[in-house]
Protein chains: 2
Amino acid sequence: MNQGMLQKAIPYYEQVQQTIKERIFNGVYEPGDRLYEVQIAREFAISRSPVREAIRTLINEGLLIMDDKSQIYVYEPSLKDVYEIYECRVALESTAVALVAQKASEDQILQLEKTLSDSASAIKKGEKEEMACLNAKFHELIIDFSDNMRLKKLVNELKSLTNYYRFLNLEGEDRPNVIYKGHFDIFQAIKERNPEKASQKLKEHTHDDLENLVNLLNHKRER
Amino acid sequence: MNQGMLQKAIPYYEQVQQTIKERIFNGVYEPGDRLYEVQIAREFAISRSPVREAIRTLINEGLLIMDDKSQIYVYEPSLKDVYEIYECRVALESTAVALVAQKASEDQILQLEKTLSDSASAIKKGEKEEMACLNAKFHELIIDFSDNMRLKKLVNELKSLTNYYRFLNLEGEDRPNVIYKGHFDIFQAIKERNPEKASQKLKEHTHDDLENLVNLLNHKRER
DNA sequence: TTTATGTCGTCTGTCGACAGCCCACATGAT
DNA sequence: ATCATGTGGGCTGTCGACAGACGACATAAA
């Protein structure tokens, strides 16, 4: 009885949008790849209209870009882009964490604490997948608890633009512990109800992330 | 010889997008109004396809919203939305101004100063139109000088969402002078190369704006 | 009068078709 | 060989048409 509710059929353009997005995140489409309306339409055995709409939406999200000849490519962040995106994320997330430090409920603080301790045990067991997941959750919880839907949306969009690099988060010199320490400091500041400190710690933590990422990218480029 | 360059014909969907946006800003379409693809297509004597694409784009920008029945309405910010948008703007703009305080060139600082003094004389002459324009310019310069395209784009999108209320900026108790003072303090901090102070002053200034706006909205609502 | 059923019009989602543009390749002239 | 001119194929922008969904109104049944 599916809760007495029938699901509205999901229109093609939405399904296509989701699928393309997943393919970008999964690396099926790689940065710089060109996409063709007709080809995608043929592949799904539908007309070009829904495909066009899906592409338009993804262009607006920034995951696809259109050149002056209306050709569509998968977004490929330049180094400058990466810096700019991080700058924006720091701005938004540090605001979020300050809000959380001010008004988080006790229960919410407990949730953060639990995520942290789960994270610690994942590190001990060396479960990379789990670690990445919990780290993401920590950030997500903070954004959620800031209770600002628009901020959440903006951060998510920014994150998806560097999603391409998400594998690199945990690589590098002793990253798991460094990240854990960063999160721990942030949590501590929240628990102390110290917005400025929380904000500051998050800025430092994110800066670490950026620096690590840029280092790894440079290494890759040299090889 | 038009600089030897021919302009590519602007596609319909872009023109329509621009037109709809202007109409929203000019109040031709009011918040909450429903829009119809067919009607707009008929009006411009074109097919629905370009209209659909224009609408999709505007939905992604947030100026139009689509309900669960695929009906299109002009975005009508709730009070909570207004707060959230301002929170995001403060986050981004205060970051921008801190960057400017760090790395603005002397010439850029002069531009800010000139805008301020123009603003002062506009106040003396009571030129409301000019005042609004210069105030906007002040903020825009700061964003530009922060040299972060993505930040600029985000702020512009957020601003357009409350564009509906732009008339109210200058109404209220002695607003022009309060705003001028706010901008002056920000400028001062930039000139002193004091990022924290600049950031702080901008936060206070924007908070004033928000408070004033909310007051006026409440008054309106009571009447 | 109130409820139930049927019909109509309108709006959105999708389709297939066509025209214009751009590019690559080929053909021909120098 | 090099450059100019065709020529063809592929891709995007736009169009007009149809089907399904939804609501309004009317009509019929209680």
Side-chain angles (χ1 to χ4, degrees), chain A residues 2-21 23-24 28-30 32-76, chain B residues 2 4-21 23-24 28-76:
Chain A
N2 195 14
Q3 295 167 323
M5 298 289 288
L6 290 179
Q7 293 282 328
K8 192 182 98 175
I10 300 168
Y12 285 159
Y13 64 84
E14 227 167 287
Q15 298 183 54
V16 172
Q17 185 201 334
Q18 262 311 110
T19 306
I20 294 179
K21 195 185 255 188
R23 287 187 179 182
I24 293 175
V28 179
Y29 298 146
E30 289 184 25
D33 280 3
R34 183 166 170 195
L35 262 49
Y36 303 92
E37 293 175 3
V38 271
Q39 180 186 309
I40 296 173
R42 265 202 303 269
E43 183 185 343
F44 293 111
I46 59 177
S47 81
R48 280 173 50 218
S49 312
V51 176
R52 274 181 77 84
E53 298 196 10
I55 288 177
R56 281 294 174 284
T57 302
L58 291 169
I59 287 175
N60 290 322
E61 282 183 32
L63 281 170
L64 298 180
I65 56 170
M66 183 167 72
D67 69 10
D68 53 341
K69 286 190 282 294
S70 294
Q71 300 178 147
I72 311 298
Y73 298 89
V74 176
Y75 171 65
E76 181 168 27
Chain B
N2 193 18
M5 297 290 288
L6 290 180
Q7 293 282 326
K8 193 183 96 176
I10 300 168
Y12 285 160
Y13 65 83
E14 228 167 285
Q15 298 184 53
V16 172
Q17 185 200 334
Q18 262 311 109
T19 306
I20 294 178
K21 194 186 256 189
R23 287 187 180 181
I24 293 175
V28 179
Y29 299 145
E30 289 183 26
D33 279 3
R34 184 168 168 193
L35 262 49
Y36 303 92
E37 294 175 1
V38 271
Q39 180 186 310
I40 296 174
R42 267 202 302 269
E43 183 184 343
F44 293 112
I46 58 177
S47 81
R48 280 172 50 218
S49 312
V51 176
R52 275 180 76 85
E53 297 197 11
I55 289 177
R56 279 294 173 283
T57 302
L58 290 168
I59 288 175
N60 290 322
E61 284 183 31
L63 281 170
L64 298 178
I65 55 171
M66 184 167 74
D67 69 10
D68 53 341
K69 284 192 283 293
S70 295
Q71 300 177 147
I72 310 297
Y73 299 88
V74 176
Y75 171 64
E76 183 167 26

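Atoms considered below: every heavy atom in the structure, side chains included; atoms not considered: hydrogens, waters and symmetry mates. Numbered from 1 within each chain, the chains take letters A, B, ... in sequence-line order.
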Take A/E30 and A/V74 through the test side-chain contact (heavy atoms from CB on, under 4.5 Å) and record every step on the way to the result. CA-CA 7 Å; A/E30 289 184 25; A/V74 176; over 6 Å; no
Can you give me the closest heavy-atom contact between B/E37 and B/V51, atom names plus distance? O-CG1, 3.9 Å
Could you state the atom-to-atom distance from OH of A/Y12 to C1' of D/dA19 in whole Å? 12 Å
Could you tell me whether the phosphate oxygens of D/dG13, OP1 or OP2, come under 4.0 Å of any side-chain nitrogen or oxygen in B/Y13? yes
Taking only heavy atoms on the protein side, list every residue of residues 51-76 of chain B lying under 4.0 Å from any atom of DNA chain C, sorted numerically. B/R52, B/R56, B/S70
Between P of D/dG13 and OH of A/Y36, the distance in whole Å: 14 Å
Taking for each residue the nucleotide of DNA chain C bearing the nearest heavy atom, is the 5' side occupied by B/R34 or by B/S49? B/R34
Using OP1 and OP2 only, check whether a side-chain N or O of B/S47 sits under 4.0 Å from D/dT14. no
If you define the side chain from C-beta out and look only at heavy atoms, does anything of B/I40 sit under 4.5 Å from B/T19? no
Using nucleotides 17-21 of chain C, report all nitrogen or oxygen pairs with the protein that are shorter than 3.5 Å.
none

Output yes when a side-chain donor or acceptor of A/T57 lies under 3.5 Å from a complementary backbone atom of A/E53, and no otherwise. yes
Any non-hydrogen side-chain atom of B/Q15 less than 4.5 Å from a side-chain atom of B/F44? no
Nearest-angstrom distance from the residue atom CD1 of B/I40 to C1' of D/dT14: 17 Å
Are there more than 12 heavy atoms of other residues, nucleotides or ligands under 6.0 Å from atom OH of B/Y12? no
Given atom CZ of B/F44 and atom P of D/dC15, what is their separation to the nearest angstrom? 12 Å
Does a side-chain heavy-atom distance below 4.5 Å link B/E61 with A/N60? no
